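The structure appears right after this line, and notes come after that.
Note that the coordinates shown come from a computational prediction; the quantities given were computed from them, not determined experimentally. Each residue takes its place number in the sequence, starting with 1.
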Amino acid sequence: MRSKIVVAAALSLSFFTTGCGASVSTESEQPQDSAVQSTSPTTEASAIRKKAIGEEAAAGCVEGAGRETCDVRFTITSITRGESCSAYSTGILELPANHEVVRFNIEAETAPEFSYAQANGVLLTQYWSVVDADGYMVKDPDIATGCDVDANVVYKFLEPGTKQRSSVPIIAPVGATTLRLSEQGHGWEWEIPAVAEMPPTAPAAPPVESPAPSTVQEWTPITTTVAQNPVDSRPNPYPNSQDSFGRDTGTSGATLVGCGDWSEYQPGTGIYSDGSLDYAAQCLPGGSMAPN
């Protein structure tokens with residue numbers, strides 16, 4: 001997911017071994033004797049916990065406390081593969097050979113206050129990976145920028161007392177089997193469903209010839225328009241961000257005059273007529289003003 005720059009300290013290994021993500025049952029998460037409050041996240045034997053789509057996981061849980069007190073509770077609500085996005089289907093951008101788009105939708109809810117400060121980064125992009133059909137892990141897969149992207153949950157640090165949803169398209173090897181969130185072999189994983197087979201279609205009925213109309217057809221002029229670059233209309237994946245002058249993104253009224261050099265700025269950084277830097281879809285890969 002290297003299309004966005006994320007600066008974050010690595011989470012401790014113990015944080016990815018929190019027992020709250022293992023089961024909904026509190027009996028399996030808490031010891032029978034919970035009179036002494038633990039000062040570290042709970043742990044369990046299984047290094048990678050398998051989760052079903054729609055099943056809640058959690059991190060930052062205090063041993064002996066209820067599940068609702070966990071710092072972060074999150075759910076993968078759907079995973080799909082083989083999405084056809086306009087920028088790829090029209091040839092503006094190209095997927096790597098033998099790769100496809102895998103999209104996962106995620107919902108996250110945080111506690112009013114964090115028991116563990118590092119909880120705010122547990123869902124960041126560097127901890128995600130996929131496992132291909134041969135069992136090889138691909139860490140931090142690229143975001144599929146040619147698709148619609150709404151990825152704040154994995155791009156930004158979480159804040160206490162909030163609920164968020166994101167839809168994250170990633171580029172994965174064709175036939176990848178598993179989506180994983182982990183660090184040093186500890187975390188959670190979800191099976192990537194296979195593409196559902198389409199039901200067979202009924203044979204088309206033979207065309208029925210109809211008599212030619214008796215009226216004279218009038219000639220209608222055909223007009224054509226130049227197709228707009230679809231990348232230029234992609235929305236800002238950070239709708240609540242600010243430009244370099246501290247103004248809400250997209251509110252300066254200035255004119256886009258160029259794009260920031262990708263060796264110094266992340267793709268999608270535009271240079272405006274008042275000297276400010278702000279998001280510009282035209283500066284994304286495949287955009288009409290993207291650097292060569």
request  = Dump the intermediate steps for ring pair (Phe, Tyr, Trp, His ring centres under 6.0 Å) on Tyr155 and Tyr238, then the final yes or no.
outcome  = CA-CA 9 Å; Tyr155 278 158; Tyr238 303 104; 5.5 Å; yes
Ile106 and Thr77: CA distance, side-chain angles, deciding distance, side-chain contact (heavy atoms from CB on, under 4.5 Å) verdict = CA-CA 6 Å; Ile106 182 171; Thr77 58; over 6 Å; no
task = Apply the test side-chain contact (heavy atoms from CB on, under 4.5 Å) to residues Val154 and Ser166: give CA-CA distance (whole Å), side-chain angles for both, the deciding distance (0.1 Å), then the verdict.
result = CA-CA 8 Å; Val154 300; Ser166 279; 5.9 Å; no
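Residues Asp274 and Ser252 meet the side-chain proximity criterion, which asks for heavy atoms closer than 4.5 Å. Taking the side chain as every heavy atom from C-beta outward, Arg180 and Val130 never approach each other to under 4.5 Å. When side chains are defined from C-beta on, Gln164 counts as touching Leu158, because their heavy atoms get closer than 4.5 Å. Arg103 has its side chain out of reach of Val149: every pair of non-hydrogen atoms, C-beta onward, lies at least 4.5 Å apart. Residues Leu284 and Tyr279 have side chains in contact (heavy-atom distance under 4.5 Å, counting atoms from C-beta outward). For the pair Thr125 and Asp140, the minimum side-chain heavy-atom distance is below 4.5 Å. The shortest side-chain heavy-atom distance between Val102 and Leu179 does not fall under the 4.5 Å cut-off.
Judged purely by atom type and a 3.5 angstrom limit, Thr255 has no side-chain atom pairing as donor or acceptor with the backbone of Ser273. Remark: the backbone N or O of Leu277 is paired with a side-chain donor or acceptor of Ser244 at under 3.5 angstrom.
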Result block: side-chain N/O donor-acceptor pairs under 3.5 angstrom for residues 92-101, not counting sequence neighbours:
residue	atom	partner	partner atom	Å
His99	ND1	Ala97	O	2.8
Glu100	OE2	Arg81	NH1	2.8
Glu100	OE2	Gly175	N	3.4

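Evaluated for a side chain to side chain donor-acceptor pair (under 3.5 Å) with Lys50, the options Glu191, Glu55, Glu189 yield exactly one hit, Glu189. Just one residue in the list Asp278, Asp243, Asn240 forms a side chain to side chain donor-acceptor pair (under 3.5 Å) with Thr249, and that residue is Asp278.
Following chains of ILVMFWY side-chain contacts shorter than 4.5 Å, one can reach Tyr272 starting from Met289, so the two form part of one hydrophobic cluster. Connection of Ile171 to Val131 is not established within any shared hydrophobic cluster, with ILVMFWY side chains joined at heavy-atom distances below 4.5 Å, either directly or through further cluster members. Two different hydrophobic clusters hold Met137 and Leu124 under the rule that ILVMFWY side chains link at heavy-atom gaps under 4.5 Å. The cluster map of Ile, Leu, Val, Met, Phe, Trp and Tyr, joined by side-chain heavy atoms under 4.5 Å apart, puts Tyr265 and Leu256 in different clusters.
The list of disulfide (SG to SG under 2.5 Å) pairs with a residue in residues 125-159, not counting sequence neighbours, reads Cys85-Cys147.
Side-chain rings of Phe104 and Trp190 stay apart, their centers remaining 6.0 Å or farther from each other. A ring-centre distance under 6.0 Å is found for Trp188 and Phe74.
Among all heavy-atom pairs drawn from Arg165 and Asp150, the shortest one is O-OD2, 4.0 Å. When every heavy atom of Ser115 is checked against every heavy atom of Asp71, the shortest pair comes out as N-OD1, 2.6 Å.
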